[in-house]
Amino acid sequence: MTQNLQSTTTLHNGVHMPWFGIGVFKVEEGSELVNAVKAAVKHGYRSIDTAAIYANENSVGQAIQEALLENNLSRGDLFVTSKVWNADLGYEETRAAYEASLNKLGLDYLDLYLIHWPVQGKYKEAWRALESLYKEGRIKAIGVSNFQIHHLEDLMKDAEIKPMVNQVEFHPQLTQAELLQFCQKNNIQMEAWSPLMQGQLLDHPVLQEIAHKHGKTVAQVILRWDIQQGVVTIPKSTKAHRIIENADIFDFELTREDMDRIQALNANLRVGPDPDNFDF
Ligand SMILES: NC(=O)C1=CN([C@@H]2O[C@H](COP(=O)(O)OP(=O)(O)OC[C@H]3O[C@@H](n4cnc5c(N)ncnc54)[C@H](OP(=O)(O)O)[C@@H]3O)[C@@H](O)[C@H]2O)C=CC1
Ligand SMILES: O=C1CO[C@H](CO)[C@@H](O)[C@@H]1O
C-alpha cells in the first residue's frame, strides 16, 4: 500500500493528506521546536500537527518559512494542521480563533483545521464556523478530534459537510476498533495521536519481538502498524535521529500475524483524557 514518506490518503473532499507527519505537543516556542520541524521537513516529512493550545504556532510558522526556503519547497508541498481550543468554540469565536492561528503561523490558509475536543453544547456552532471557512475556500479540509461515535453521529445529524478527519488517541493499548470501523464506513479519515503512547510502549516484549524479527525498532513497528491499517500517524520527537528513525518505515511490511498480535495488545488504556469525561 503506502510507498513512501510522502504518500497520501485522499480525504472525502479529494484533498491529499500525508499518511505520516510530525506532532509538536509539549514543545515550547523556540529553537528546539524550530530545529525539530526543520529537521523533519529536511528528511522528507510534509505534514505538521499543532494546535492553538500548544502555544507554539509562532515557532511552527517560523520553521515552516525557513524549511520552505532551505529545501526549495512551496507552501503547497506542506500539509499544516491546527485545532481550535475549547474556550473558542462558538461561531464568531471559532472564526476569530482561526484567524489568530493563521496569524501566528504566518500562513494564509491551513490544510486541516480541527475541533480539538467535543465540548457538549458547543461543537455544533464551532462546526458551522469551520464549514463557513471551508466554503469560503479559507481551509482545505475540516475535521474533529477526540470525537467518539456518538459525537460524530450527533454532529452529522446537523452538519452540511461531514468531517474529513477524526484525530484520536490511538496506539496498541487503545486500538479503537469500533471507532475505526465507524470512521472507515463513513469515509472519515482516522488519525492517531500519541501513537507511541508517549514512549510508554517501547519496551513491550511482544513489540520488541516483532521489531527484532524485522530488524526495526519498536517505534517503527507501531508506526507501520498505523499506516498498514489505514490510520494517519503523527509521532512527536524533537531529536533529529528519532525524527529520521520514525519515518523509516516504508521498507518493510508487517505480516497479518504481526498485525493481529499487536491488535491483541489492546487494553483500552489511555494516556490522555477520556472524551466522554473531560473537564477543561
Ligand atoms: N488531538 C489531541 O487531543 C492530541 C493530539 N496530539 C498530537 O499527537 C502528537 C503525538 O503525540 P504525543 O502525545 O506527542 O506522543 P507520541 O506518542 O508521539 O510520543 C512522543 C514521545 O515519545 C518520544 N519518542 C518519539 N520517537 C521516539 C523513538 N523513536 N524512540 C524513543 N522515544 C521516542 C518523544 O521523545 P523525544 O521528543 O525526546 O524524542 C516523546 O517523549 C502530538 O505531538 C500532537 O501533535 C497529542 C495529544 C493529544
Ligand atoms: O492535544 C492536546 C494536548 O494538549 C491538551 C492539554 O493542554 C490536551 O488536552 C490535548 O488533547
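Each ligand, and each atom within it, is numbered from 1 in the order the structure gives. Residue numbers run from 1 in the order of the sequence given.
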task: Measure the distance from atom 30 (N) of ligand 1 to every protein heavy atom, then report the residue, atom name and distance (to 0.1 Å) of the closest one.
output: R242 NE, 3.6 Å
task: Would you mind running through ligand 1 and noting each atom that sits below 4.0 Å from a heavy atom of M197?
output: 17 (O)
- request: Give the numbers and elements of all ligand 1 atoms closer than 4.0 Å to a heavy atom of N146.
  value: 1 (N), 2 (C), 3 (O)
field: E57 to E29 - nearest heavy-atom pair and separation
entry: N-OE2, 3.8 Å
message: Are any of the N/O atoms on V24, whether in the backbone or the side chain, positioned under 3.5 angstrom from an N/O atom of ligand 1?
response: yes
- line: Out of E32, E245, K239, K236, the nearest non-hydrogen contact to atom 37 (O) of ligand 1 is supplied by K236
field: Residue, atom name and distance, where the atom is the protein heavy atom closest to atom 17 (O) of ligand 1
entry: L196 N, 2.8 Å
task: Could you tell me the residue and atom name of the protein heavy atom closest to atom 11 (O) of ligand 2, and the distance to it rounded to 0.1 Å?
output: W117 NE1, 3.0 Å
- request: Ignoring angles and geometry beyond distance, decide whether F25 reaches within less than 3.5 Å of ligand 1 through its nitrogen or oxygen atoms.
  value: yes
- prompt: Taking the six-membered ring for Trp, are the ring centroids of F280 and W85 within less than 6.0 Å of each other?
  reply: yes
- request: Just jot down the ligand 1 atoms closer than 4.0 angstrom to any heavy atom of D49, in number order.
  value: 7 (C), 44 (C), 45 (O)
field: Nearest protein heavy atom with distance in Å, relative to atom 9 (C) of ligand 1
entry: I234 O, 3.3 Å
task: Give a yes or no answer on whether the side chain of Y98 reaches the backbone of A129 with a donor-acceptor pair at less than 3.5 Å.
output: no
- prompt: At a non-hydrogen distance cut-off of under 4.0 Å, which region of F278 contacts ligand 2 (side chain, backbone, both, or neither)?
  reply: neither
Under 4.0 Å to a heavy atom of F25 - the qualifying atoms of ligand 2, by number: 3 (C), 4 (O)
task: With side-chain contact (heavy atoms from CB on, under 4.5 Å) as the test, would you mind laying out the steps for F25 and S194 before giving the verdict?
output: CA-CA 9 Å; F25 174 38; S194 294; 5.8 Å; no
message: Counting non-hydrogen protein atoms only, what is the nearest one to atom 47 (C) of ligand 1? Give residue, atom name and distance.
response: W193 CE3, 3.1 Å
task: Decide whether the shortest distance between a heavy atom of K83 and an atom of ligand 1 is less than 4.0 Å.
output: yes
message: With a 4.0 Å cut-off on heavy atoms, is W193 in contact with ligand 2?
response: no
query: Can you check whether Y54 has an N/O within less than 3.5 Å of an N/O in ligand 2?
result: yes
message: Has Q228 got a side-chain atom pairing as donor or acceptor with L254's backbone, closer than 3.5 angstrom?
response: yes
message: We want to know whether H150 and D276 form a side-chain donor-acceptor pair, criterion being a heavy-atom distance below 3.5 angstrom.
response: yes
- prompt: Closer than 4.0 angstrom: is that true for some heavy atom of H116 and an atom of ligand 2?
  reply: yes
- request: Say whether K83, considering both its backbone and side-chain N or O atoms, lies within less than 3.5 Å of an N or O atom on ligand 2.
  value: no
message: Could you check whether R138 makes a cation-pi contact with Y113, meaning its NZ or CZ is under 6.0 Å from the centre of the six-membered ring and within 45° of the ring axis?
response: no
Heavy atom of the protein closest to atom 12 (P) of ligand 1 (residue, atom name, distance): S194 OG, 3.6 Å
Contacting atoms of ligand 1, where contact means under 4.0 angstrom from a heavy atom of L202: 30 (N), 31 (C), 32 (N)
task: Please work out whether any backbone atom (N, CA, C, O) or any side-chain heavy atom from C-beta onward of S145 is under 4.0 Å from ligand 1, and answer side chain, backbone, both or neither.
output: side chain
message: With respect to P235, determine whether any N or O atom, backbone or side chain, lies less than 3.5 Å from an N or O atom of ligand 1.
response: no
field: Region of P195 that comes within reach of ligand 1 [heavy atoms, distance under 4.0 Å]
entry: both
- request: Can you sort out which atoms of ligand 1 are near H116, meaning under 4.0 Å from one of its heavy atoms?
  value: 1 (N), 2 (C), 3 (O)
query: Should K124 and D154 count as an ion pair when the cut-off is N to O under 4.0 Å?
result: yes
query: Judging by distance only, is a nitrogen or oxygen of N246 under 3.5 angstrom from one on ligand 1?
result: yes
- request: From atom 21 (C) of ligand 1, work out which of H171, Q198, K26 has a heavy atom at the shortest distance.
  value: Q198
field: Side chain, backbone, both or neither: the part of S237 lying under 4.0 Å from ligand 1 by heavy atom
entry: both
message: If the contact criterion is a heavy-atom separation under 4.0 Å, does F280 count as touching ligand 2?
response: yes
query: Does D258 reach the main-chain N or O of T255 with its side chain, forming a donor-acceptor pair under 3.5 Å?
result: yes
query: What is the nearest protein non-hydrogen atom to atom 7 (O) of ligand 2, stated with its residue, atom name and distance?
result: I53 CG1, 4.0 Å
